[in-house]
Amino acid sequence: MSETIGALKPVKDEYDVTGWCRNPESLSIENVEKLRESIDRISRENRPEVVYEQGTNVVRAVHGCHLFDETSAKLVRLPLLVELAEALVGEPVYVYQFKVNLKQPYEGAAWPWHQDYTFWRHEDGMTDDRAVNIAILLDDTHEGNGPLRVLPGTHRLGLIEAAEDRSRSGDWRKHVSANLEYTVADADAERLEKEYGRELVVGAAGSIFAFHPSIVHSSSSNTSPDRRALLLVTYNAVSNAPGSSPRPEFLVSRDTRPVVPAEDNFL
Ligand code: SIN
Ligand code: MN
């Protein structure tokens, strides 16, 4: 067992049981500031990767930044993230998806209960959930600014699908809006929450978490004056790459070569 994998064993053990975990090490504040600058600049650009809250000019998310922004491209190669992803997935990984969900003060809308793997299976043809979401808090995140909420242990239940959500619209905008295409019905989530409990993904800017593709999760609207930017890099096992997806490359990376880690953890 390599030194890094050995050091991450307690994190992996927790992740295997609960479907989520916090990484002991955070991203430096210098790195966080560099990322914020990039994301703020991209948010002002007129490009398809920028998604707005429905019917507004409020930026909800930016996608696929690792494909065109140097800082984001470097981020996905940081040893801190690649080693964590490889330890949790247990195989060499590539970047499947990159996004920053920006819950603007008072404006950021909720994400209904869902499992990410439903989208990847039905839309992209991913045959197994051997992938992991690495989540980085770009802003201090607390109960009031719409943190991610996870139901620990639900990743072991497989896909829980509401029958009425099974038809496909073929519209990728329904995978990034508050009106999600595939959801876990509120009544099911309520029942699961009673059985499994609920945890909030909160902490200081720079905190790093991981959560499983099949864990049931959601987040509420931002009712506070504080922005909540959540950066998500999904790493998929190289051996789990789907054939082809009808979705744009900024939602599903086509380059399935294993990530080559950078020399250090500086952006
Ligand atoms: C959120 O940004 O709160 C939701 C993220 C996700 O569902 O992956
Ligand atoms: Mn999700």
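Note that ligands are numbered from 1 as they come in the structure, with each ligand's atoms numbered from 1 the same way. Here the structure is a predicted model, which is why all the values come from computation and not from measurement.
Looking at Glu70 and Lys74, no side-chain N of the basic residue comes within less than 4.0 Å of a carboxylate O on the acidic one, giving no salt bridge. Between Arg44 and Asp40, none of the side-chain N atoms (NZ, or NE/NH1/NH2) sits under 4.0 Å from a carboxylate O, so this pair counts as no salt bridge.
At most 12 non-hydrogen atoms from other residues, nucleotides or ligands lie less than 6.0 angstrom from CZ of Phe266. Environment of CD in Glu143: sparse, with no more than 12 heavy atoms of neighbouring residues, nucleotides or ligands closer than 6.0 Å.
Looking at Gln115 and Pro213, their side chains never come closer than 4.5 Å, going by heavy atoms from C-beta outward. Between Leu67 and Glu249 there is a side-chain heavy-atom pair separated by less than 4.5 Å.
Among residues at least two apart or in separate chains, ring-ring contact (aromatic ring centres under 6.0 Å, His included) pairs with a member in residues 91-112 are His66-Phe98, Tyr96-Trp120. For the salt bridge (Lys or Arg N to Asp or Glu O under 4.0 Å) condition, the pairs that include at least one residue of residues 22-38, sequence neighbours left out, are Arg36-Asp139.
Only protein atoms were considered; those of element N, O or S under 2.8 Å from the Mn ion (ligand 2) number 3.
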Tabulated below should be the N or O atoms of ligand 1 paired with protein N or O atoms at under 3.5 Å; can you produce that?
| residue | atom | partner | partner atom | Å |
| --- | --- | --- | --- | --- |
| ligand 1 | 2 (O) | Asn101 | ND2 | 2.8 |
| ligand 1 | 2 (O) | Arg228 | NH1 | 3.4 |
| ligand 1 | 2 (O) | Arg228 | NH2 | 2.8 |
| ligand 1 | 3 (O) | Ser219 | OG | 2.6 |
| ligand 1 | 3 (O) | Arg228 | NH1 | 2.7 |
| ligand 1 | 7 (O) | His114 | NE2 | 3.0 |
| ligand 1 | 7 (O) | His217 | NE2 | 3.1 |

Next item on the list: Start with the C-alpha gap between Thr141 and Arg228, add the side-chain angles, then the distance that decides, and say whether side chain to side chain donor-acceptor pair (under 3.5 Å) holds.
Entry: CA-CA 6 Å; Thr141 304; Arg228 187 234 62 174; 5.6 Å; no
